[in-house]
Amino acid sequence: MAVDAARSEEGFTSARATRVMRDACRAAGLDDQGAELIRLGENALFRLASVPVIVRVARGEEWLPKSRVEVAVSRWLARERFPAARVVEDLEQPLVIHGHPVTFWHLIVEGSRKATYGELGRILRDLHSLTVPDGLELPSFEPFDKQELRMNRAVIPEDDKVFLRKRWKELRDRYAELRFKTPKGPVHGDAHVQNLMVDDQGQVILIDFETFCFDHPEWDLMVTAVEHHSLGWQTDAQYADFVAAYGRDLYDWDGYETLRGLQEFGMTTWLMQNVQEDERTAAEYRRRIAGLRDDDAPRDWRPW
């Protein structure tokens, strides 16, 4: 296992993820023939052709606690009848294959439209109103937990790493001064509209529980607030629908600028993990790191 974990640190590429997926399917008794890579981000997601299942491959064994949380959260939300992604119940998971945690999820058959920002606001409001049951151990939100690993492993110029480590320290100091006014509760942790799906029955479904935690709801509101106020990724009408549905605009909070810095930093270090995949990814990383170096410059970042 130590050898496998060391190998997983060599680079999480689509080719490596495919090898892990194939071996995981064999271990689970599933047919991997015709499997399709549908996304390479923090994880690799594969759609199986043989059965309606999504295989999720994490970057390394360090992500095993998060994978366990994902499975536990999915099972809890199923008991609550909350509209959320469901793990395949008759498989013991997560598996650890060559140093990578692997989980298996029921395929959500997509409908003809995408989720709206109003729907994102409503589903977050409903999620934040739930009570976490006794026995479900959720971590606190940790905006820095993966950053050091990302900076150490990323194939980026050394000057960028020096800058990012300096910014990381500055953000940690600002984070230590944050004072929240809301009680803690269930938090998705990566609450952007792309983590909603609308199935072929028209139901809006919450997905991706890797950063699910027990913390302040501001962590979920910061994603859309930053995308709108800093990046301009939504129209004023779309953002107004989000705020009206949830009932709060994080932009009015005095901690917004600190959360904006954390969100933009995370968006940049998340993307830089895959700069070796293709020039398009590398170019977007260069665009984002240039933006971080000039806090007052307009953000011409592209959704990814």
Using the rule that two of Ile, Leu, Val, Met, Phe, Trp, Tyr join whenever any of their side-chain heavy atoms come within less than 4.5 Å, decide whether Val87 and Val53 are in one cluster. no
With Glu227 via salt bridge (charged side-chain N to carboxylate O under 4.0 Å, His left out) - residues at least two apart: none
Cluster check Leu45, Leu91: I/L/V/M/F/W/Y, side chain < 4.5 angstrom: no
Listing, residues 18-25 side-chain donor-acceptor contacts under 3.5 Å, not counting sequence neighbours, or none:
from, atom 1, to, atom 2, distance (Å)
Thr18, OG1, Ser14, O, 2.8
Asp23, OD1, Arg26, NH1, 2.9
Asp23, OD2, His98, NE2, 2.5

Side chain to side chain, Asp236 and His228, heavy atoms closer than 4.5 Å: yes
Within-4.5 Å side-chain heavy-atom neighbours: Val226 and Leu262: no
Under 3.5 Å, is there a donor-acceptor pair linking the side chains of Thr281 and Asp278? yes
Do the charged groups of Arg174 and Glu170 touch, with an N to O distance under 4.0 Å? no
Any chance you could measure Leu77, atom CG, to Phe82, atom CZ, to the nearest 0.5 Å? 6.5 Å
Please determine if Asp173 and Lys169 form a salt bridge, counting it only when a charged side-chain N lies under 4.0 Å from a carboxylate O. yes
Using a 4.5 Å cut-off on heavy atoms from C-beta on, say whether the side chain of His192 contacts that of Trp233. no
If you measure from OH on Tyr256 to CG on Leu250, what distance do you get to the nearest 0.5 Å? 8.0 Å
Do Leu127 and Leu130 make a side-chain contact, defined as non-hydrogen atoms from C-beta onward lying under 4.5 Å apart? yes
Taking the side chain from Ser74 and the backbone from Val71, do they hold a donor-acceptor pair closer than 3.5 Å? no
Under 4.0 Å between a side-chain nitrogen and a carboxylate oxygen: does that hold for Arg153 and Glu62? yes
What do you reckon, are the aromatic ring centroids of Tyr175 and Trp168 less than 6.0 Å apart? no
Who else is in the cluster with Leu149 when I, L, V, M, F, W and Y are joined by side-chain contacts under 4.5 Å? Trp63
Are side-chain N/O atoms of Thr182 and Glu218 paired as donor and acceptor at under 3.5 Å? yes
Note, Glu177 side chain near Thr258 side chain (heavy atom, < 4.5 Å): no
Salt bridge check: are Lys66 and Glu210 linked by an N-O gap of less than 4.0 Å? no
Mind checking the OH-CD1 spacing from Tyr246 to Ile123? Nearest 0.5 Å is all I need. 13.0 Å
Keeping the roles fixed (side chain from Asp241, backbone from Thr116), state whether a donor-acceptor pair exists under 3.5 Å. no
If we ignore hydrogens and angles and just use 3.5 Å, is the side chain of Glu36 paired with the main-chain N or O of Arg47 as donor and acceptor? no
Mind checking what makes side chain to side chain donor-acceptor pair (under 3.5 Å) contact with Arg165, not counting sequence neighbours? Asn152
Checking the side chain of Arg150 only, and the main-chain atoms of Met272 only, is there a donor and an acceptor separated by less than 3.5 Å? no
May I ask whether Val162 and Ile289 are part of the same hydrophobic cluster, defined by side-chain heavy atoms of I, L, V, M, F, W, Y residues being less than 4.5 angstrom apart, directly or through others? no
Just checking, Arg293 and Phe163: is the charged tip under 6.0 Å from the six-membered ring centre and within 45° of the axis? yes
Yes or no on side chain to side chain contact (heavy atoms under 4.5 Å, CB included) for His188 and Val223, after CA distance, side-chain angles and deciding distance? CA-CA 11 Å; His188 181 273; Val223 179; over 6 Å; no
Which atom names give the shortest non-hydrogen contact between Ser67 and Pro101, and what distance separates them? OG-CB, 3.3 Å
So OG1 of Thr269 and CZ of Phe144: to nearest 0.5 Å the spacing works out to 10.5 Å
CZ (Arg86) with more than 12 external heavy atoms under 6.0 Å: yes
Check each of Val204, Val193, Asp220 against Leu120 using the side-chain contact (heavy atoms from CB on, under 4.5 Å) test, and report the only one that passes. Val193
Considering non-hydrogen atoms only, spot the tightest contact between Thr103 and Pro94 and give its length. CG2-CB, 3.7 Å
Supply the atom-to-atom distance Leu40 CG to Thr13 OG1, rounded to the nearest 0.5 angstrom. 8.0 Å
Test: Arg280 and Glu284 ion pair at under 4.0 Å: no
State plainly whether the residues Arg56 and Glu42 are in salt-bridge range, i.e. N to O under 4.0 Å. no
Is any side-chain N of the basic residue among Asp254 and Lys181 closer than 4.0 Å to the acidic one's carboxylate O? no
CA sep, side-chain torsions, deciding dist, call: Glu142, Thr211, side chain to side chain contact (heavy atoms under 4.5 Å, CB included): CA-CA 9 Å; Glu142 293 292 344; Thr211 51; over 6 Å; no
No-hydrogen, no-angle side-chain donor-acceptor test under 3.5 Å, Ser230 and Glu264: yes
Nearest-0.5 Å distance, CZ of residue Phe104 to CG of residue Leu30: 6.0 Å
Backbone N or O of Asp31 within a donor-acceptor pair of the Ser50 side chain at under 3.5 Å? yes
Trace of the side chain to side chain contact (heavy atoms under 4.5 Å, CB included) decision for Tyr251 with Val243: CA-CA 10 Å; Tyr251 192 64; Val243 170; over 6 Å; no
Flag yes if Ile54 and Val102 sit in one hydrophobic cluster, no otherwise; membership is Ile, Leu, Val, Met, Phe, Trp, Tyr, and two members link when side-chain heavy atoms are under 4.5 Å apart. no
Evaluate the criterion side chain to side chain contact (heavy atoms under 4.5 Å, CB included) for residue pair Leu292 and Leu164; output intermediate values, then yes/no. CA-CA 9 Å; Leu292 288 192; Leu164 288 169; 4.0 Å; yes
Quick check against the 3.5 Å criterion: does Gln93 have a side-chain atom that pairs as donor or acceptor with the backbone of Val88? yes
Locate the shortest heavy-atom distance separating Glu70 from Asp208; write the atom from each residue and the value. OE2-OD1, 4.4 Å
Give a yes or no on this: more than 12 heavy atoms of other residues, nucleotides or ligands lie within 6.0 Å of atom CZ of Arg81. no
I'd like to know if the side chain of His100 reaches the main chain of Arg59, judged simply by a donor and an acceptor atom lying under 3.5 Å from each other, with no hydrogens or angles considered. yes
Answer yes or no: is there a side-chain heavy-atom contact under 4.5 Å between Trp253 and Arg248? yes
Are any side-chain N or O atoms of Arg299 and backbone N or O atoms of Ala297, one a donor and one an acceptor, separated by less than 3.5 Å? yes
Do you reckon Val73 sits in the same ILVMFWY cluster as Leu124, going by side-chain contacts under 4.5 Å, direct or chained? yes
For Met197, the rest of its hydrophobic cluster, which grows through side-chain links under 4.5 angstrom: Ile108, Ile205, Ile207
Could you check if a side-chain atom of Glu89 sits within less than 4.5 angstrom of a side-chain atom of Arg75, using non-hydrogen atoms only? yes
Enclosure of Lys114 NZ (heavy-atom neighbours >12, cutoff 6.0 Å): no
Taking Arg167 for the side chain and Phe265 for the main chain, is one N or O donor matched with an acceptor at less than 3.5 Å? no
Heavy-atom side-chain proximity of Trp76 to Phe212 below 4.5 angstrom: yes
Looking at residues at least two apart in the chain, or sitting in another chain, which of them share a ring-ring contact (aromatic ring centres under 6.0 Å, His included) with Phe141? Trp219
